[in-house]
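Letters go in sequence order (proteins before strands), and every chain restarts at 1. What you see is a predicted model; the values in this text were computed from it and never measured.
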Amino acid sequence: MLKIKAQLKADIFERLKSRYPLSPSDIDFLYPPQLKMGDLALSLPFPLAKKLKANPRQIAQEMLVLLEGLPCVDKLEVAGAGYVNFFLEKKDFFKYRLRSIRTSSLRPEETKIIVEHTNINPNKAAHIGHLRNACLGDTLVRCLRDKGETVEVQNYIDDTGVQVVDVVFGVLELEKKSPADLETIEKFDYYCWDLYSRTVAYLDGHPETQARKTEILKRIEHGQNPESGLAHAISRRILTAHLATMKRIGVAYDVLPCESSILGLKFWEMAFALLKDKQGITYVSEGDNKGCWVMKLEDEAEKEKIIVRSDGTVTYVGKDIAYQLWKFGLLEKDFYYEPFLKDDGHTLWISTAAPNDSGQAFGGASKVYNVIDTRQSYLQKVVVQGLRALHFFRQAEKSNHFSYEMVALSPRSLKELNIEVSREEAGKAFHEVSGRKGLGVKADDLLNRLVEKALAEVDKRNPDLRPEQKKRTAGQIACGALRYFMLKYARNSLIIFDFDDALSFEGETGPYLQYTAVRLNSIFRKMEDREGVSLADIEKGLSSEGPEAAAWPEFPIESLAPEEVSSFWDLIIYAARLEEEILHSVESLEFSHLAKFAFNLCQKLNAYYHRYPILAEENKAVKNMRIATIYFARQVLARTLDLMGVPVPERM
RNA sequence: GCGCCUGUAGCUCAGUGGAUAGAGCGACGGACUCCGGAUCCGUAGGUCGGAGGUUCGAAUCCUCUCAGGCGCGCCA
């Protein structure tokens, strides 16, 4: 569709440029609200009417004559107050689409793109908010890769932050446990979830313990045991749990850059030298911020952001600026790496400050996406401003904050979790998820409930499947349900989490999409069983120009009833939009578009095969048309689901 | 106080300045012994928070206003 539209636009411009005052960018198509009005429309007569002080409908009529006989166009029509509607040549379009189904018209634009997502503090179990982050980030990665981009996926690990310190404090001072004791604890991330919120409450209630916490922090920073070893063991173990959780929903990473390595390799010191050198930051010698290094803010001249505290330590933003510089290869220094785990032949690397000869290198991207929720918008803005302060304007331009609203809990879901809230919070419409308070739905709990429900359904519908097949299918359904749920809302929409919504398998849900794909596959499987024609045979016949194609009859659209032609065409013309939907989603970072596209496609597909029998059709020509139709739609759907990370079970 | 975001059907949400504002859920009524009913078809349900403005055309852009949310630290 992208190609055809581009070609048509160029042709139209050629035909019209001498008659009307136009530039190529003035010519753009929109989709008519109804299929019977046409496949594409030009609203060009309206702006022209204004410029020329003429009647738009009259201009449209004139245009019609000039545009007569364009390639790929079957018919033109003037409609409404002055639209020019295009009806495409159906058979040619369909034939062309089938033959080019394996070739993408999308092209990469960058040398390397870094996407950073997930970034969960390694001190507690992952919760639903983290799932939204990972689903959005991973879908972006899949779309960029589909586009042909080289993508590096990073999951930043803050293994020396105060959140880890809190848990170390809890283990040593509240639990009085040794590193060896921890080895025996199962579901370690769940254990820490409780311990963390308990410790936070304890620290809040006992200000006198603050000194001990500070001491732990210092000892961790200086690598002193047992605190340092404990922090390392805890963060690695939690990290492993997070990775296992994310694997359940098909999310994987290339590299895990750690805060400890940033400190160990003195990335900040290098960034600090750069900032001072280029005068991106200034030293304050009097006033409230005396003794600090600060950055002036661009839009708020009177405000300044502290980058280095008066005690000489660096703030969060400062470290983030250093990290962002590294991502663009502007620090002229890299981490060292060692393998963290291997999975399906893919090695996940973790950064280390200790020199080694792994030969691995990461970073040095031409474009960066940071997937972080909207509450960090201000800080992300400051980080980009830091790049500009260093005169890295191109990199600042290519720094993208992929922001999204948080996931909160409905009062009903709180009740279901048996969580009590304070009286002043009881009336709220939603409750913010908080690791500090232990307030939230743990990712694995939600996934387990999805699996449990899916398993019951599979058991009911496919009792003949082997238990491990049932389990596998239930896992895939849970994954599909969750990923679609996280994708279907626009990113600026606050998700007020409710178990009933998330656990639904009917209507606009992941399982609905999966069901559609499974049913289609089942038609092709039956065809192979009954007629000995495999999907591969069909693919060969339909998508090639060689001798196999000769075996496949021409596409006899004319043998279909008019009503069926419009159902067929509605499906094909819509499915052909996938690539522009991908581009649109990536450009706007709005993957609810892609989700909506998948859902609409499935609605059309379900309605189509429900209405028109495929295998039972006796008219050979009609049957072939229907097979070709669902074959095309199946390929598009498979690609779409893959982009969203929604797996397709064998049966369900 | 300043900045950002949100307000659309009973509920949850879509809706690139374009034609009669759409889905899902819920409600009600239907679907052929047939490729699987996690499906399909139909009915009901709307002053797009409010008021101005720009435009041939506004849910969409601008101004004001009301309501809600989130940010704005020598925390991370």
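For Thr315(A), no side-chain nitrogen or oxygen approaches OP1 or OP2 of C74(B) to under 4.0 Å. Using a 4.0 Å cut-off, some side-chain N or O of Lys526(A) falls inside it from OP1 or OP2 of G36(B).
Atom P of nucleotide C40(B) and atom CD of Glu506(A) are separated by 10 Å, given to the nearest angstrom. Here the P atom of nucleotide G24(B) and the CZ atom of Phe597(A) are 18 Å apart, to the nearest Å. Atom CG of Leu203(A) is separated from atom C1' of C75(B) by 14 Å (rounded to the nearest Å). For the pair Asn121(A) CG and A76(B) C1', the interatomic distance rounds to 7 Å; values are reported in whole Å.
Looking at heavy-atom distances under 4.0 Å, Arg651(A) makes contact with a base. Within 4.0 Å of Ala607(A), counting heavy atoms only, lie sugar-phosphate atoms of the nucleic acid but no base atom. Residue contacts for Thr374(A): at a heavy-atom cut-off of 4.0 Å it reaches no nucleic acid atom on any strand shown. Residue Ser377(A) is out of contact with every strand shown, counting any heavy-atom pair closer than 4.0 Å. At the heavy-atom level, Val458(A) lies under 4.0 Å from base atoms of the strands shown. Within the nucleic acid shown, Leu520(A) has no heavy atom closer than 4.0 Å to any nucleic acid atom. Counting any heavy atom pair closer than 4.0 Å across all strands shown, Arg375(A) reaches sugar-phosphate atoms only and no base atom.
Between Leu297(A) and Glu304(A) the shortest side-chain heavy-atom distance does not fall below 4.5 Å.
For RNA chain B, if you chain together Watson-Crick or G-U pairs that step i with j, i+1 with j-1 and so on, the runs of at least three with distances under 3.5 Å are B:1-7 with B:66-72, B:10-13 with B:22-25, B:27-31 with B:39-43, B:49-53 with B:61-65.
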Between protein and nucleotides 8-19 of chain B, map the contacts as a letter string: B base, S sugar-phosphate only, - none, heavy atoms under 4.0 Å, written 5' to 3'.
----SSSSB-BB
